Amino acid sequence: MKITINDDFDLLKIADSGQCFRFNACGEGFTVMALDKYLFIKKVGEKEYELSCSEEEYEGFWKEYFDLGLSYSELRGRIDPAEDPYLYAAAEYGKGIRILKQDLWEMLISFIISQRKNIPAIKASIEKLCAKVGRKAGETPEGEILYAFPTAKEIASLSMEDLAACSLGYRDKYVMKAAREVASGYVDLESWKDLDDAGLMERLLELFGVGVKVANCEILFGYHRLDAFPKDVWINRVLDRQYPGGFMFDKYTPYNGIMQQYLFFYSRTTM
DNA sequence: AGGCAGGTTCTTA
DNA sequence: TAAGAACCTGCC
């Protein structure tokens with residue numbers, strides 16, 4: 001099916017923004033995996049995109065996945081170039097990035113794996129994990145098989161040798177513990193949607209292998225609470241160098257997470 | 001070849 | 001409570 005998008009929307013920038021690890025350029029378009037859902041999306045006009053899914057699947061899932069109900073151009077417009085020239089430049093540079101609405105479980109495991117790894121290594125580990133379980137979910141135009149992201153039960157049923165083969169390193173025990181706790185129902189990520197911000201953070205930090213940074217990524221990219229502001233080495237570098245007097249968090253509430261994405265994306269290519 | 005990569009846990013004062 | 005070290009692995 002074909003859609004028209006009248007807002008910031010840049011597939012390449014989204015793919016490179018570091019919030020998703022199974023969103024890749026492929027031929028003329030991009031392959032996207034979200035849990036066990038596969039999409040091929042291609043830009044075919046100024047604002048027009050061709051999607052491999054049906055209209056029902058678009059309306060029922062992908063529209064929300066791409067956060068198309070929120071105007072990112074309007075949010076960028078709130079940035080005053082005279083007041084904060086660095087953020088303005090970052091937002092211009094990152095124009096087209098959106099915060100995807102991703103799955104809670106997939107984000108939790110993905111960001112547990114992400115610690116002290118670079119993006120290519122994170123992607124490689126996740127793909128190995130998906131292939132290890134091997135539940136086929138799609139096939140790219142180039143004929144590559146794509147596998148569903150494993151459920152908690154599927155990971156819990158793997159051996160530690162299986163996990164070690166996914167290059168998880170010392171994170172293997174974090175992944176396994178999370179899988180067992182979710183599979184058993186002891187941890188119910190969905191029900192945590194009802195918690196307030198502080199309560200949600202508290203719960204996430206109780207998980208083995210989850211610290212403040214990973215918890216904030218889960219809150220921003222999984223729970224889609226757009227005010228979460230994950231601080232990694234890149235963002236800390238920006239805050240230290242560009243905002244010695246402090247970033248104006250109050251001004252952008254409740255959308256600081258979107259500003260974080262612009263700053264992160266900009267910093268990775270300019271610092 | 002040794003250091004480091006989108007952190008977190010564990011150990012020590 | 002707060003620093004500092006240790007940690008898997010892959011890639012310069």
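Being a predicted model, the structure only gives us computed values, none of them experimental.
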(message) Surrounding NZ of A/Lys173 (heavy atoms of other residues, nucleotides or ligands, distance under 6.0 Å), is the total greater than 12?
(response) yes
(request) May I ask you to say what A/Gly18 touches in the nucleic acid, namely base, sugar-phosphate or nothing, with a heavy-atom cut-off under 4.0 Å? (result) base
(message) Between the base of B/dG6 and the side chain of A/Lys213, is one N or O donor paired with an acceptor at under 3.5 angstrom?
(response) yes
(message) Please determine whether a side-chain nitrogen of the Lys or Arg among A/Glu92 and A/Arg76 lies less than 4.0 Å from a carboxylate oxygen of the Asp or Glu.
(response) yes
(request) Under 3.5 Å for both distances, Watson-Crick or G-U wobble, that's the pair rule; now give the dot-bracket for DNA chain C, with | marking pairs to another strand and [ ] for crossing ones. (result) |||||||.||||
(request) Looking at every strand, decide which applies to A/Leu207 at a 4.0 Å heavy-atom threshold: base, sugar-phosphate, or nothing. (result) sugar-phosphate
(message) Quick one: does any side-chain atom of A/Gln260 pair with a main-chain N or O of A/Pro230 as donor and acceptor, under 3.5 Å?
(response) yes
(message) How many whole angstroms separate atom CZ of A/Arg171 from atom C1' of B/dG6?
(response) 11 Å
(request) Could you measure between the two C1' atoms, the one in B/dT8 and the one in C/dC11, and give it in whole Å? (result) 22 Å
(request) Please determine if A/Arg78 and A/Glu74 form a salt bridge, counting it only when a charged side-chain N lies under 4.0 Å from a carboxylate O. (result) yes
(message) Using ring centroids (six-membered ring only for Trp), state whether A/Phe40 and A/Phe30 fall under 6.0 Å.
(response) no
(message) Could you tell me how far C/dA5 sits from B/dG3 if I compare only their C1' atoms? Round to whole Å.
(response) 16 Å
Taking only distance into account, with no hydrogens and no angle test, what donor-acceptor pairs under 3.5 Å do side-chain atoms of residues 104-113 of chain A form with protein atoms, sequence neighbours excluded?
from	atom 1	to	atom 2	distance (Å)
A/Trp105	NE1	A/Pro150	O	2.8
A/Glu106	OE1	A/Leu35	N	2.7
A/Ser110	OG	A/Glu106	O	2.6

(request) Identify whether the distance between the nearest side-chain nitrogen and carboxylate oxygen of A/Asp7 and A/Arg98 falls below 4.0 Å. (result) yes
(message) When the P atoms of B/dT11 and C/dC8 are compared, how many Å lie between them, rounded to an integer?
(response) 13 Å
(message) If the condition is side-chain contact (heavy atoms from CB on, under 4.5 Å), which residues does A/Lys231 pass it with, not counting sequence neighbours?
(response) A/Phe229, A/Ile235, A/Asn236, A/Leu239
(message) Heavy atoms within less than 4.0 Å of DNA chain B: which residues of residues 109-118 of chain A have one? Give them sorted by number.
(response) A/Gln115, A/Arg116, A/Lys117, A/Asn118
(message) Tell me if a side-chain donor or acceptor on A/Tyr88 pairs with a main-chain N or O of A/Glu83 at a distance below 3.5 Å.
(response) no
(message) With the threshold set at under 4.0 Å for non-hydrogen atoms, list the residues of residues 123-134 of chain A touching DNA chain B in residue-number order.
(response) none
(request) For A/Ile119 and B/dG6, give me the distance from atom CD1 to atom C1', rounded to whole Å. (result) 7 Å
(request) Look at all strands and tell whether A/Ile235 reaches a base, only sugar-phosphate, or nothing, counting heavy atoms closer than 4.0 Å. (result) nothing
(request) Please list, in 5' to 3' order, the outermost nucleotides of DNA chain C lying under 4.0 Å from any heavy atom of chain A. (result) C/dC7 to C/dG10
(request) Taking side-chain hydrogen bond (donor to acceptor under 3.5 Å, both in side chains) as the test, write out the residues that go with A/Glu139, two or more places apart. (result) A/Lys136
(request) Under the side-chain hydrogen bond (donor to acceptor under 3.5 Å, both in side chains) rule, collect the residues that match up with A/Asn216, sequence neighbours excluded. (result) none
(request) Could you list the residues that satisfy side-chain hydrogen bond (donor to acceptor under 3.5 Å, both in side chains) with A/Glu64, not counting sequence neighbours? (result) A/Lys101
(message) Using a heavy-atom cut-off of 4.0 Å across all strands, would you classify A/Gly211 as base, sugar-phosphate, or nothing?
(response) sugar-phosphate
(request) Sort and list the pairs that fulfil ring pair (Phe, Tyr, Trp, His ring centres under 6.0 Å) and have at least one residue in residues 166-192 of chain A, not counting sequence neighbours. (result) A/Tyr174-A/Phe208
(message) Rounded to whole Å, how long is the line connecting atom CG of A/Leu205 with atom C1' of B/dG7?
(response) 12 Å
(request) State whether the distance check finds a donor on one side and an acceptor on the other, under 3.5 Å, for side chain A/Tyr174 versus base B/dG7. (result) no
(request) Write down the distance between CG (A/Leu168) and P (B/dT8), rounded to a whole number of angstrom. (result) 16 Å
(message) Going by side-chain contact (heavy atoms from CB on, under 4.5 Å), name the residues that satisfy it together with A/Thr253, two or more places apart in sequence or in a different chain.
(response) A/Asp227, A/Asn256
(request) Taking atom P in both C/dA6 and B/dG6, compute the distance separating them and give it to the nearest angstrom. (result) 22 Å
(message) Suppose we screen for side-chain hydrogen bond (donor to acceptor under 3.5 Å, both in side chains). Which residues come up paired with A/Asp10, at least two apart in sequence or across chains?
(response) none
(request) Between A/Gln19 and A/Phe208, just flag the one whose closest nucleotide in DNA chain B comes earlier from the 5' side. (result) A/Gln19
